[in-house]
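Read the numbers this way: they start at 1 and go in the same order the structure lists the ligands and their atoms. When reading the values below, keep in mind they use all heavy atoms of this one structure, side chains included, and skip hydrogens, waters and symmetry mates.
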Amino acid sequence: MSDEKKSALSIDERDDGVAILWMDVPGESMNTLKEDFAQEFAEAFAHLETNANVKAVVFASGKKGSFIAGANIDMLARAKSAAEASELSRQGQKAMDRIEAFPKPVVAAIDGACLGGGLEVALACHGRVASSSRKTKLGLPESQLGLLPGAGGTQRCPELIGVQAALDLMLTGKQVDARKAKKLGLVDEVVPSAIVVEVAAKHAKKYAEEGVPKREVGLLEQLQDSSELTELALTKNPLGRKVLFDQARKKLHEKTRGNYPAQDRILDVVKIGLEKGRAAGLEAEATHFGELVMSPESAALRSIYFATQAMKKDSGVDDPEVKPREVSHVGMLGAGLMGAGIAYVTTALAKTPVRLKDRDADGVLSGLQYVRGIIDKRVQRKKMTPMDADELMLQTTGTVDYSGFHRCEVVIEAVFEDLELKRKMVKEVEAAGPEDVIFASNTSSLPIGEIAEASMHPETVIGMHYFSPVHKMPLLEIIVTEKTADWVTATCVELGKKQGKTVIVVGDGPGFYTTRILAPLMNEAAHILAEGAPIEEIDEAMLDFGFPVGPIKLTDEVGIDVGAKVGKVMQKAFGDRMTPPAGMEKLVADDRKGRKNGRGFYLYGDKKKGVDESVYGVLGVKPKPGALSAEEIAWRCTLQMVNEACLCFGQGILRSARDGDIGAIFGLGFPPFRGGPFRFVDAVGAREVVRKLQNFEKRVGPRFAPAPILLAMAEKNLTFHGENTVTPGEIPT
Ligand SMILES: NC(=O)c1ccc[n+]([C@@H]2O[C@H](COP(=O)([O-])OP(=O)(O)OC[C@H]3O[C@@H](n4cnc5c(N)ncnc54)[C@H](O)[C@@H]3O)[C@@H](O)[C@H]2O)c1
């Protein structure tokens, strides 16, 4: 092979006839597959084939704790047509065919991430041994990027583990640990990391001596349990296959509503392979891979991936000289839903001990129980040992006074949403904490600047806005005032990342960014309801558009009372465009708080699920099915959010369109396949967005007046992403 140092592959020939083929991409922390490896692979396998001393091969990673994390997706952007992208898939297929057809047995030694193209390599090998390490994860996550496994995975995976299990992996993109992979039949044996290469060598040697065992699962084995029996019944005859694929598609569409073409193509391609054989399956795989690479859905999903990768490296401030300070202890005020959730991510993920304070012992206790509940679930799911769980629990200590706060460099407050209370907290923390203590508020709507007015050094006051439930929601919105010091921002961004969050930094103001853009969408849904559109029609229209939950259902989840309170703050700040329709206050007066008290727009408890029809009477509305088309409902609600996002951008609340897209997707469920509000504007075109807004402005009301930046963009043909772009806080003249 060429220059050893620059090569991603190297070979260790052992005396026992087993050669270890190491993959170690130079200069990268993880192995990913790139186009230009084809030549290296070909050379390495040619060498292994001709070398008579080599009887068997182990394919292993030179990166400790990471096998192959997938194919490098940068190369997809270079493909100019579906045909070019299909060609990339065919090259990958050929490389995998070469491994599968290799005359000497090849066994994959998997330690760490084995995902996408990485798993396709492993599937092409003649055997697979995985390590029991926590880092070992196997999966085919291509569909999350709007793609399908393009190097034979759609064919080999079902062949190895059965159609149903393979579809589950590919359609969801889920990752499984080694134990589960063994159960599925994805790997042959699970051993500790330290011996994974050695055991793989043993398997390879055995295969060389005795032949590779035939993997076609025998009838007896297939009948071992009922799922295999179902598999057999469903896949081996045409009628059964039809049932299986029809059911899978129906289930899929219930979730995706047809908005995610990759999942549909995966079903198509697996079905073709099953009915017409491997060659036809591979051809369909390459063709659809090419088409998907060119699809707007994949472009949007890949943009999210690139954005989150870039955000991992973003310190949150523009000055590269500013470094985050070390945080050895975090103080947490308020042990309610949010406080306890934040305590969990701080101890479990950021590995930083937390001092959790509430008003009284009962408050502290319920917070600690909440943390324990999350940890216990992880133990139940075997994600954590009971011993580790006990140790983790010790990292959160409770208190009803400020003892221990002198050590906390950062104090996060999540007490009640009350400005005076929060100001009191600032004063108390500054008295109890170290000199430069950072005071971070988790308020969902109060301007941080108003909280900071109580501070002796407002440069240390910042907002850290988490989303509920904290341990599940990926976004953290950090709010900086004009006075917040850069080191404070950088320190909180770093802490947030360690807590596992994707962090956006936004400017201060009522509702910041996320609450501010959600409010007009929810308000529009209320207007549409007041115009007579039935509740289910509103929620269904938004689900069809791609939101994970409809706005009326969301109001029930958030709490009608909470929504009304936030609505008032927004109305006060932004005036008419956020004024709710008349009658909404009657819901609160009727003691309808939503899910939490079982009285809302929908029915809860034992009563059958569905809309609580009595709500129309309270609102004084007569529902008129079909009064508004689904398209009008979806556009009006979405445009309200998008236009507000554009106002935020024009006013400099956001640092970039990227942050605005990610904030809306990760915090509010903006449809990921649309790429976020700003990519949505780019895709539709600023001119068309303005035209639609102005139509609604004439027909519905002045709240649809287009944001000034949109008008400027429409006139000058500018976009938020790409080449001729706009800058946050500047309206082009
Ligand atoms: N719940 C959400 O979805 C959500 C989302 C984002 C932000 N927030 C914000 O987070 C904050 C807390 O919300 P929550 O839902 O956790 O409320 P919660 O009512 O569950 O918890 C508040 C906790 O603060 C405690 N507390 C009150 N005064 C205190 C004091 N002086 N010292 C110490 N503890 C005190 C209470 O005893 C209670 O345990 C609010 O500002 C809210 O707006 C909530």
Please output the side-chain donor-acceptor pairs of residues 641-656 that fall under 3.5 Å, not counting sequence neighbours, one pair per line with the distance.
| from | atom 1 | to | atom 2 | distance (Å) |
| --- | --- | --- | --- | --- |
| N643 | OD1 | A707 | N | 2.9 |
| N643 | ND2 | A705 | O | 2.9 |
| E644 | OE1 | R577 | NE | 2.8 |
| E644 | OE1 | R577 | NH2 | 3.4 |
| E644 | OE2 | R516 | NE | 2.8 |
| E644 | OE2 | R516 | NH2 | 3.2 |
| E644 | OE2 | R577 | NH2 | 2.7 |
| Q651 | OE1 | R516 | NH1 | 3.0 |
| Q651 | OE1 | R516 | NH2 | 3.0 |
| R655 | NH1 | D314 | OD2 | 3.3 |
| R655 | NH2 | D318 | OD1 | 3.2 |
| S656 | OG | D659 | N | 3.1 |
| S656 | OG | D659 | OD1 | 3.3 |

N/O to N/O under 3.5 Å, ligand 1 against protein:
| from | atom 1 | to | atom 2 | distance (Å) |
| --- | --- | --- | --- | --- |
| ligand 1 | 10 (O) | N442 | ND2 | 3.0 |
| ligand 1 | 16 (O) | L337 | N | 3.4 |
| ligand 1 | 16 (O) | M338 | N | 2.9 |
| ligand 1 | 20 (O) | L337 | N | 3.1 |
| ligand 1 | 37 (O) | D358 | OD1 | 2.6 |
| ligand 1 | 37 (O) | D358 | OD2 | 3.4 |
| ligand 1 | 37 (O) | R359 | NE | 3.2 |
| ligand 1 | 37 (O) | R359 | NH2 | 3.3 |
| ligand 1 | 39 (O) | D358 | OD2 | 2.7 |
| ligand 1 | 41 (O) | V415 | O | 3.3 |
| ligand 1 | 41 (O) | E417 | OE1 | 2.5 |
| ligand 1 | 41 (O) | K422 | NZ | 2.6 |
| ligand 1 | 43 (O) | E417 | OE1 | 2.8 |
| ligand 1 | 43 (O) | S444 | OG | 2.8 |

Exercise. Do the non-hydrogen side-chain atoms of D591 and K593 ever get within less than 4.5 Å of each other?
Worked result: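 They are in side-chain contact.
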
Exercise. Do Y402 and E428 get their side chains close enough for a donor-acceptor pair, meaning under 3.5 Å?
Worked result: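 Indeed, the side chains of Y402 and E428 share at least one donor-acceptor pair under 3.5 Å.
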
Exercise. Under the side chain to side chain donor-acceptor pair (under 3.5 Å) test, which residues partner D590, sequence neighbours left out?
Worked result: R592, R599

For this session: Measure the acute angle between the ring planes of F547 and F545, then classify it against the limits of 30° and 60° as parallel, tilted or perpendicular.
Result: parallel

For this session: Mind checking side-chain contact (heavy atoms from CB on, under 4.5 Å) for R359 and listing every partner two or more places apart, or none if nothing turns up?
Result: F416

